[in-house]
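Okay, structure first, notes after.
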Amino acid sequence: MPPGVERADVVIVGGGIVGASIAYHLAARGVRDVVVLERDELGSGSTTRNAGGVRLQFSTEINVRLSLRSLPRIEHFAEEMGVDPQLRQVGYLFLITEERDVGPFEESLAMWKRLGVPAQRLDAAGVHQLFPQLRVDDVRFATLCMRDGYCDPTSLLNGYVARAREKGARFREHEPAVGITRQGDRVTAVRTAKGEITCGTLVDAAGAWGAEVGKLAGVDLPIRPLRRQIFVTEPVAGLDRDFPLTVEFATSLYFHRESGGVLMGMADPTDSPGFDATVNWDFLPTLVERALYRLPILERANVKTGWAGFYEDTPDKHPIIGAIPGLEGFLCAAGFSGHGIMHAPAAGEAIAELVVDGRTSFDIAPLAYDRFRRGDLIKEHNVI
Ligand SMILES: Cc1cc2nc3c(=O)[nH]c(=O)nc-3n(C[C@H](O)[C@H](O)[C@H](O)COP(=O)(O)OP(=O)(O)OC[C@H]3O[C@@H](n4cnc5c(N)ncnc54)[C@H](O)[C@@H]3O)c2cc1C
C-alpha cells in the first residue's frame, strides 16, 4: 500500500456516544478493524452537553421500540461494560396543561400499555403527592414512567470506548474527515489530513454535523443543528430528595436534580438553526420565570452555570439509520433529534448488524433515509 494510504474494514466519522456505541457493537461482533475519526476530542460534541435523560415515553412506536431496546443495555451497563452509567430511574413526569396535548397523550398511554411501557396517568392530586414542591393547579393530568430517568452520558461513552479499544477499535482524535472518495456509486475511502483510509463501509455518526459529512459523499441529509441550552443551580435548600425528571410539556421546560441543585432546560423559540454554541444569557430570565412558576422553591437558588449544545434535528424528529439507496458502502446513524444518548445502544446494535449480517434483527424500516423522498414521515410529538 502506498505511503499515506491505510485500510480499515469500517471507518466511523464522529467520536460521540453514537460512534462509540457503533464501534463497540462492531468489535463485539468480531469486526476488529474499525477506525473512529473524531475531529476534536471524544465526546466534544453534544454527548457531553445534554441532560442525560432516558425515557420510554415517546409518541411514536418506533421511538418507544428504540428505547425498549436501549434501556436494558443502560440498566445493565455496569455489569456488561464495567463502567457505572449512574442511571437514576426516578421517572419522567410529563405535565399536561393544555387541551391540545390531552388527546395525543391519551393515545400514547394506550400505545404504551400495548407495548409494555409501565407508564401511568396521574391527576393533579397524584402529582402533588409525588412531588409536593411542584405547582399543579393548572395540570390537567400527567404521565409518569418509573423506568425512565437520567444517567451520565460521559460514563456511557467511556464504557463503550474502553471496551471497543480492548477489542481492537482505534479511536483517532483531532483527525477530521475532510473528504470521501467515491468510485461510481460506491464509497471507497475517507480522507483526512494524514492521508487516505480505504474502507469497506463508512458510517456517518457525526451528530449535528451529519449533513456536512453526508455532503462529502454527495448525499443530502436533512439534519440541522438546533441550539439547546442548559442551566444548573446551586444546591437548593428544601429539595433534598430525588424527584422525577419533570417536563412542563406546553413550554418544553424540563428539570431534574443535579448535584443537589437543579438542571433546567427549555427551547428558545427565537433560536434558528445554526452552529452558534455560545450561551444566550439573555434567555435565562425567560426560563427562570417559567421555572419559578412551576417550582417556586427555586426562588432560594442561584444559577451557577450554563452551556449550549446542538440537537441534530430532522424534519420528523427521528434519526436516519441505515443505507442510502444508490450509494454503496455508506451508512448513516445521525439525526437523533435530541434523543441520541438514550438511543445510542440500539443504534450501535443496528449498524453492527447491517455491517455484519446485511440486515437488522429488529425493524428499523421507519428510520430509512428513503422516507423523506417518499414523504413517509412519522412525526414525534414528545420532543422537548
Ligand atoms: C441541551 C441538550 C440536551 C439534551 N438532552 C438529551 C437527553 O436528555 N437525552 C438524550 O438522549 N439526548 C439528549 N440530547 C441529545 C444528545 O446529546 C445527542 O442526540 C447525542 O449526543 C448525539 O450523539 P452523537 O454521537 O450522534 O453526536 P455528537 O456527540 O455530537 O458527536 C458527533 C461527533 O462528530 C464529530 N465530527 C463532526 N464532524 C466531523 C468530521 N468531519 N470528522 C470527524 N469527526 C467529526 C464532532 O466533533 C462530534 O464529537 C440533548 C442535547 C442537547 C444539546
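We count ligands from 1, going down the list as the structure has it; atoms in each ligand are counted the same way. Predicted model only: the values in this text are computed from it and were never measured.
Heavy atoms from other residues, nucleotides or ligands lying under 6.0 Å from CZ of R88 number 12 at most.
For the pair R121 and F141, the cation-pi test (distance below 6.0 Å, angle within 45°) is passed. Cation-pi geometry between R69 and F362 is met: the NZ or CZ atom falls under 6.0 Å from the ring centre, inside 45° of the normal. Judged by the 6.0 Å distance and 45° axis criteria, R241 is not positioned over the aromatic ring of F243.
The shortest distance between side-chain heavy atoms of I17 and F336 does not fall below 4.5 Å. F231 is not listed as a side-chain neighbour of V288, based on a closest heavy-atom distance of 4.5 Å or more. Within the 4.5 Å cutoff, side-chain heavy atoms of L298 are placed close to those of L292.
By the 3.5 Å distance cut-off applied to N or O atoms, V13 is not counted among the residues near ligand 1. Checked against a 3.5 angstrom limit, the closest N/O atoms of V18 and ligand 1 fall inside it. For G340, a nitrogen or oxygen atom sits less than 3.5 Å from a nitrogen or oxygen atom of ligand 1, counting backbone and side chain alike. In terms of polar-atom proximity, defined here as any N/O pair under 3.5 Å, E41 makes no such contact with ligand 1. Inclusion of A177 in the set of residues having an N or O under 3.5 Å from an N or O of ligand 1 is warranted. Ligand 1 has an N or O atom lying under 3.5 Å from an N or O atom of E312, backbone or side chain. No N or O atom of V213 sits closer than 3.5 Å to an N or O atom of ligand 1. For ligand 1, none of its N or O atoms has an N or O atom of I230 under 3.5 Å away. Ligand 1 has no nitrogen or oxygen under 3.5 angstrom from a nitrogen or oxygen of V54.
Summary of contacts: the protein heavy atom closest to atom 9 (N) of ligand 1 is G53 O, 2.9 Å. In terms of protein heavy atoms, atom 50 (C) of ligand 1 is closest to N50 CB, 3.1 Å. Protein heavy atom closest to atom 23 (O) of ligand 1, with residue, atom name and distance, is I17 CG2, 3.4 Å. Ranking protein heavy atoms by distance to atom 45 (C) of ligand 1, first place goes to R39 CB, 3.6 Å. Scanning all protein heavy atoms for the shortest distance to atom 49 (O) of ligand 1 gives E38 OE1, 2.8 Å. Atom 5 (N) of ligand 1 has A51 N, 3.2 Å as its closest protein atom, hydrogens excluded (heavy atom only). In this structure, the protein non-hydrogen atom closest to atom 37 (C) of ligand 1 is W209 CB, 3.5 Å.
The part of A205 lying near ligand 1 is the backbone, judged by heavy-atom distances below 4.0 Å. Here R49 has backbone heavy atoms under 4.0 Å from ligand 1, and that is the only part of it that gets that close. If you look at W307 next to ligand 1, there are no close heavy atoms at all, none under 4.0 Å. When heavy-atom distances to ligand 1 are checked against a 4.0 Å cut-off, F310 comes that close only through its backbone atoms N, CA, C and O.
Residue Y254 has at least one heavy-atom neighbour below 4.0 Å for each of these atoms of ligand 1: 3 (C). For ligand 1, the atoms sitting less than 4.0 Å from at least one non-hydrogen atom of Y311 are 2 (C), 3 (C), 4 (C), 50 (C), 51 (C), 52 (C), numbered in the order shown with element in parentheses. Of all atoms in ligand 1, numbered sequentially from 1 with element shown, those under 4.0 Å from a heavy atom of G309 are 53 (C). Atoms of ligand 1 found under 4.0 Å from any heavy atom of L37, numbered from 1 in the order shown, are 43 (C), 44 (N).
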- Item | Stepwise side-chain hydrogen bond (donor to acceptor under 3.5 Å, both in side chains) test for N382 and Y92 | CA-CA 12 Å; N382 299 358; Y92 251 70; over 6 Å; no
- Item | Derivation and outcome, side-chain hydrogen bond (donor to acceptor under 3.5 Å, both in side chains), residues T181 and R191 | CA-CA 7 Å; T181 307; R191 296 193 300 281; 2.8 Å; yes
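One option in A277, G16, G179, G52 has a heavy atom closer to atom 31 (O) of ligand 1 than any other, and that option is G16. In this structure, of V178, I341, V11, the residue bringing a heavy atom nearest to atom 16 (C) of ligand 1 is I341. Among S46, P176, A333, the residue whose heavy atom lies nearest to atom 30 (O) of ligand 1 is S46.
By the 4.0 Å heavy-atom criterion, A334 is excluded from the residues contacting ligand 1. Ligand 1 does not have G265 within reach: every non-hydrogen atom of the residue lies 4.0 Å or more from it.
The six-membered or imidazole ring of Y150 lies near that of H256, with a centre-to-centre distance under 6.0 Å.
Taking a cutoff of 4.0 Å between a charged side-chain nitrogen and a carboxylate oxygen, E6 and R170 qualify as a salt bridge. A salt bridge is defined here as a Lys NZ or Arg NE, NH1 or NH2 lying under 4.0 Å from an Asp or Glu carboxylate O, and D33 with R7 fails to meet this definition.
For the salt bridge (charged side-chain N to carboxylate O under 4.0 Å, His left out) condition, no pair includes a residue of residues 298-307, sequence neighbours left out.
Of the residues L239, V262, N302, the one that meets the side-chain contact (heavy atoms from CB on, under 4.5 Å) test with T233 is V262.
Of the N and O atoms on the side chains of E380 and S337, not one donor lies less than 3.5 Å from an acceptor on the other residue.
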